Protein chains: 2
Amino acid sequence: MAASLPPDTKPEVDAIVETIIYLYTESRRLTKGLAAQFGLTGPQLTVIKLLEELGDLSLSSLSERIRAQNSTVTGIIDRMEREGLVKRERSTTDRRVVYIRLSEKGQKLAREIQVEPMEIFRSALTDLSQSDLEHLLRILAKLQKRVVSHVEGRVSEAMGAPRVGEEEDKP
Amino acid sequence: MAASLPPDTKPEVDAIVETIIYLYTESRRLTKGLAAQFGLTGPQLTVIKLLEELGDLSLSSLSERIRAQNSTVTGIIDRMEREGLVKRERSTTDRRVVYIRLSEKGQKLAREIQVEPMEIFRSALTDLSQSDLEHLLRILAKLQKRVVSHVEGRVSEAMGAPRVGEEEDKP
DNA sequence: TCCGGATATTTCGTACACGAAACATCCGTG
DNA sequence: CACGGATGTTTCGTGTACGAAATATCCGGA
């Protein structure tokens, strides 16, 4: 069972967790609001800008990009297709894969919306000093590494296949 | 309309956004996995630990705590009540409010689960050096302040009530 | 006291979001 | 060629998540 972590948490830790949650949820909220001005939802805006930038994508690569399950993206594309924003095109070389392509309407909308998803987040970040940026990235990377190794530990444990030599991150 | 941000984004910015998204989604995923071991969902686990810590809460204060809309929490509580984890109790002093109370079963479960939500996140954070912690918090706070003022600007703009002296964030 | 605005909760409709199972297709090996 | 495992997509069931409207109750004046 997961070790019980005594609640002697440093105040900074709570504040940091709070802040990260705030930043993340606020970015999503803002993207959503922006999208709504064009009759879109948040994920739909993300998909449109992604397709505009990268061209046609298979459903799986789309799900990878937006970090969602295939089944989730199927639904998003269903609704976008219903609205005439995208079209599904079966690949001729591999008839399992489906390419998602912007329709005329979708392309027009994409050009109209001059904003990246997570834009506010990004623009706030670019205002930081270079040294702050680098410092922030360094610390976050350290944090991520810790979480990743924690996760991998859990996974292998759950699978009964303890892997060795997986790079421990000792400070 | 939102200013069009040219895509000359610094590489650090992308990496930071990526990392924060990773940390947030991973924490949620882990909470969810942990909850599943006890037949709960992520939000349900959060609610149970919250009620254990704070005692009975009205539905609104519960929604504030977990940063969700009342209508969302209504659904969560509906399902938890169906499972016999919590009970609804109408307040006698103000008959509009409903208090949510852990049942016997809910209390037992809460004691059984020795982990805070977002625990992995927190434990990774507590491993950072104190100076890293402080630095991280300082930078994130700066970031949050920028986003907050941006949001407030948007809101007043949308409401046709342009407020002045609200700190414009021009680079 | 009576009423209109404020506050607390629920209902309703829509859109994610996920995992498991179904389904179709591909591909390597015998 | 056949077939069994791998891969890509969809279907299905459940659980958030939100905003707008409905409902119930409270409260401060006229």
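Letters A, B, ... are given to chains in the order of the sequence lines, protein chains preceding strands, and every chain is numbered from 1. On a predicted model such as this, the values are computed, not experimentally measured, just so you know.
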task: Could you check how far CG of Leu45(A) sits from P of dA15(C), rounded to whole Å?
output: 16 Å
query: Heavy-atom contacts under 4.0 Å between residues 62-86 of chain B and DNA chain C, which residues?
result: Asn70(B), Ser71(B), Thr74(B)
- request: Establish, with yes or no, whether the OP1 or OP2 oxygen of dT10(C) is under 4.0 angstrom from a side-chain nitrogen or oxygen of Arg88(B).
  value: yes
field: Asp78(B) and Arg88(B) ion-paired at < 4.0 Å
entry: yes
message: Measuring from the side chain of Arg96(A) (C-beta onward, heavy atoms only), which nucleotide among dC16(C), dT25(C), dT25(D) has the closest atom?
response: dT25(C)
message: Judged by each residue's nearest nucleotide on DNA chain D, which is more toward the 5′ side, Lys32(A) or Leu59(A)?
response: Leu59(A)
message: Under a 3.5 Å distance rule, please check whether Ser103(B) uses its side chain to pair with a backbone N or O of Gly84(B) as donor and acceptor.
response: yes
query: What is the distance from CZ of Arg90(B) to C1' of dC26(D), rounded to the nearest Å?
result: 13 Å
message: Measure CG/Asp94(B) against P/dA6(C) and give the value in whole Å, please.
response: 17 Å
Ile77(B) CD1 to Thr72(B) OG1 distance, which is reported to the nearest 0.5 Å: 11.5 Å
Separation of dT10(D) C1' from Tyr99(A) OH (nearest whole Å): 18 Å
message: How long is the straight-line distance from CD of Glu52(B) back to CG of Leu109(B), given to the nearest 0.5 Å?
response: 10.0 Å
query: Looking at side-chain heavy atoms only, is the closest gap between Glu134(B) and Arg138(B) below 4.5 Å?
result: no
task: Round to a whole Å and report the spacing from CZ of Arg28(B) to C1' of dA17(C).
output: 9 Å
query: In the single-linkage hydrophobic clustering (I, L, V, M, F, W, Y; side-chain heavy atoms under 4.5 Å), do Ile100(A) and Val97(A) co-cluster?
result: no
message: For dC27(C) and Arg95(A) - does any side-chain N or O of the residue sit under 4.0 Å from the phosphate oxygens OP1/OP2?
response: no
